Engineer: 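Okay, handing you the structure first.
Chain identifiers are assigned alphabetically (A, B, ...) following the order of the sequence lines, protein sequences preceding nucleic acid strands; residue numbering begins at 1 within each chain. This is a predicted model, so every value here is computed, not measured. These values consider heavy atoms only, across backbone and side chains, with no hydrogens, waters or symmetry-generated copies.
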There are 2 protein chains.
Amino acid sequence: MAKPISQAAKPAPLEDAEPSLPATYEEMVHAISASYDRLSKRLKQIAGYSLDHPNDFAIDTIAETARKAKVQPSALIRFAQAFGFDGFSDVQRLFQQRLLEARPSYESRLASVRDCGENTPSALLDRFVEGNMAALEHLRQEIQPNKLAEAVRLLGQADVIHIIAMRRAFPLAAYFFYLVTTMGRRAQLMDSVGGLGREQQVLIGPNDALFVASFSSYTTEVVQAAEKTLRRGIPVIALTDHPLSPLTTNSTVCFHVEDAAVHDFRSLGASMCLVQSLVVGLATGN
Amino acid sequence: MAKPISQAAKPAPLEDAEPSLPATYEEMVHAISASYDRLSKRLKQIAGYSLDHPNDFAIDTIAETARKAKVQPSALIRFAQAFGFDGFSDVQRLFQQRLLEARPSYESRLASVRDCGENTPSALLDRFVEGNMAALEHLRQEIQPNKLAEAVRLLGQADVIHIIAMRRAFPLAAYFFYLVTTMGRRAQLMDSVGGLGREQQVLIGPNDALFVASFSSYTTEVVQAAEKTLRRGIPVIALTDHPLSPLTTNSTVCFHVEDAAVHDFRSLGASMCLVQSLVVGLATGN
DNA sequence: AGTTCAACAGAAAATTTATTCTATTTTAAG
DNA sequence: CTTAAAATAGAATAAATTTTCTGTTGAACT
């Protein structure tokens, strides 16, 4: 008999100017983020789910995905068609490929970590990851809970928290400052803009506290600030890299953190983690 | 005659002494190799195929697998039943789980990090260490070596590297700037001191490159800087936290990093690690 | 060689899954 | 506020998958 209703009116894709449809997971992600704004509410919902749970999205059936993403199965087909695909299965295939492609790299990755000769960026990344993880583990083992508690107590009593750190330690100061102001506490980041560092120090009041961080070739200005402040009887919490650091003696509580290093470039991962613990400890009121 | 309370006509598994059926891929592999000899010819064929192509086995339909393994679909069901399963789908589920387990830890571990018990500073530190380690592991698995290499290449060709990041992302900018200037390259950190951000953007030359980082509630100024620069045909390397970030579309190369979070305070450990890898990759001349 | 029985291929049935369709709701425009 | 258009939910349909079933084959044993 006659041909059944074949493909009559294929609903036009989102954009006429979309000649080639995504062929890989990466391209799909890019396509999704590029046209996210133009999607309707329900389609946005699906887009978000697919990006947040790419694994489930790859292996679940349409019905399951619909349930998990709180949409109707038909919405998933519309989602696929909005990007120019025939049906949902085509989209899902991209997500499945991603799962397969992630596999083989694992063994070769490990090999590249051990072989310390390679300097490809991803080999470096592997080594930094390794190093940072080791440093974090070390931090957890070495840290003394009572020191931590004492530091949090001192910071908690402070009226204003002043922060000084320079050069490599400066990101710590910036992060500390961001966190502490975000949670609504008064803080002062000494940035020495316009050479006003000296003047800013005078602003440390008797009920305040000072957080300092300094590494290796210890910046004189930072050490002196700690020294002066401590002499005035104001609590100084210090973060440094070695017991023989000048900050050890010029502080009320001093933490020694050994960060990872590759090619003489030293990380900040463990130090950042400690800073975070201090501030969040402060936030949760201990 | 002791008629056993029969479970209908359930075909007895290969071995009576097989009380518990495999619950993971690993167990399944073990079960297969243990009883391989006792399998029939066709079932051996399937066993071999499943072990040689576990990936295809996980995502193909029964029909496709049957075709690829040169057996009848029904043979696959018999295979599953020979190991005590109800049907083929149960076996396939084990193989699918294996694909997901390639990235197992991250979500589950972060979840355990989030739900809190103690809030003493050292308990927090423990959780942050856990979270950061999981995030680092996740970073390693998700990062694409070619993206990394491309970013390093673009940065390497740049005359001057410009850096923009604010609020929570600012420490990354500071660290990037410190590392890159330490190794003797020209860099410009856009700090908006005195509200001069807009003027600084004009200083980006045609042979330069831009590094931007921005998270969650994306700072408009940063996004606009990326957009403008990209439009001028200048390479933009971006670091952000989600595929739907506005930076995804407004950059030449974009990295998505999921950092750990405890009590809504998000870490920077993984991001810092990526920054470090980029810069050191640059330094070691790849 | 003849008998028995497990293994098998292939077809048929049952189930699940993907897609289409339509009435309804929501959203945007006048 | 009314109307038109787009988007959506849910049922209906079509397609595909998985599973069961049946007759046949081939090997092991007598």
Engineer: CD of Q92(A) versus P of dA18(C): gap in Å, rounded?
Structural biologist: 7 Å
Engineer: Within less than 4.0 Å of OP1 or OP2 of dG10(C), is there a side-chain N or O belonging to Q72(B)?
Structural biologist: yes
Engineer: Regarding D259(B) and S267(B), is there a side-chain donor-to-acceptor distance under 3.5 Å anywhere?
Structural biologist: no
Engineer: Could you check how far CZ of F79(B) sits from P of dA6(C), rounded to whole Å?
Structural biologist: 21 Å
Engineer: Would you kindly give the CZ-to-P distance between F88(A) and dT20(C), to the nearest whole Å?
Structural biologist: 14 Å
Engineer: Determine whether the side chains of R42(A) and Q45(A) contain a donor N or O and an acceptor N or O closer than 3.5 Å.
Structural biologist: yes
Engineer: Which nucleotide wins on minimum distance to the side chain of I77(B), given the candidates dT20(D), dA18(C), dA7(D)?
Structural biologist: dT20(D)
Engineer: For L76(B) and dA7(C), what is the distance between atoms CG and C1' respectively, to the nearest whole Å?
Structural biologist: 15 Å
Engineer: Side chain of S74(B) only, heavy atoms from C-beta on: which candidate in dT19(C), dT20(D), dA9(D) is closest?
Structural biologist: dT20(D)
Engineer: Please report the distance, rounded to the nearest Å, between CG in L43(A) and C1' in dT8(D).
Structural biologist: 10 Å
Engineer: In whole Å, what is the span from the CD atom of Q45(A) to the C1' atom of dT8(D)?
Structural biologist: 11 Å
Engineer: Nearest whole Å is fine: how far is dG10(D) C1' from K70(A) NZ?
Structural biologist: 18 Å
Engineer: Just to confirm, is there a sub-4.0 Å distance from OP1 or OP2 of dT19(C) to any side-chain nitrogen or oxygen of Q81(A)?
Structural biologist: no
Engineer: Quick check on dA15(D): is either OP1 or OP2 less than 4.0 Å from any side-chain nitrogen or oxygen of S89(A)?
Structural biologist: no
Engineer: How long is the line joining NZ of K44(B) and C1' of dA7(C), in whole Å?
Structural biologist: 13 Å
Engineer: If you only use heavy atoms from C-beta on, which nucleotide in dC8(C), dT20(D), dT19(D) is closest to the side chain of S40(B)?
Structural biologist: dC8(C)
Engineer: On DNA chain C, does the nearest nucleotide to T61(A) precede the nearest nucleotide to K41(B) from the 5' side, or the other way round? Give the residue.
Structural biologist: K41(B)
Engineer: Look at the side-chain N and O atoms of R42(A) and state whether any lies under 4.0 Å from the OP1 or OP2 oxygen of dA9(D).
Structural biologist: yes
Engineer: Tell me which nucleotide among dT20(C), dA7(D), dT19(D) gets nearest to the side chain of R78(A).
Structural biologist: dA7(D)
Engineer: With a 4.0 Å cut-off, would you call R140(B) and E130(A) a salt bridge?
Structural biologist: yes
Engineer: Would K68(A) count as a cation-pi partner of Y49(A), with NZ or CZ less than 6.0 Å from the six-membered ring centre and within 45° of the ring normal?
Structural biologist: no
Engineer: Consider the side chain of I62(B), meaning its heavy atoms from C-beta on, and name the nucleotide among dT8(D), dT17(C), dT19(D) that approaches it most closely.
Structural biologist: dT19(D)
Engineer: Can you check whether F176(B) and F170(B) have ring centres sitting under 6.0 Å from each other?
Structural biologist: no
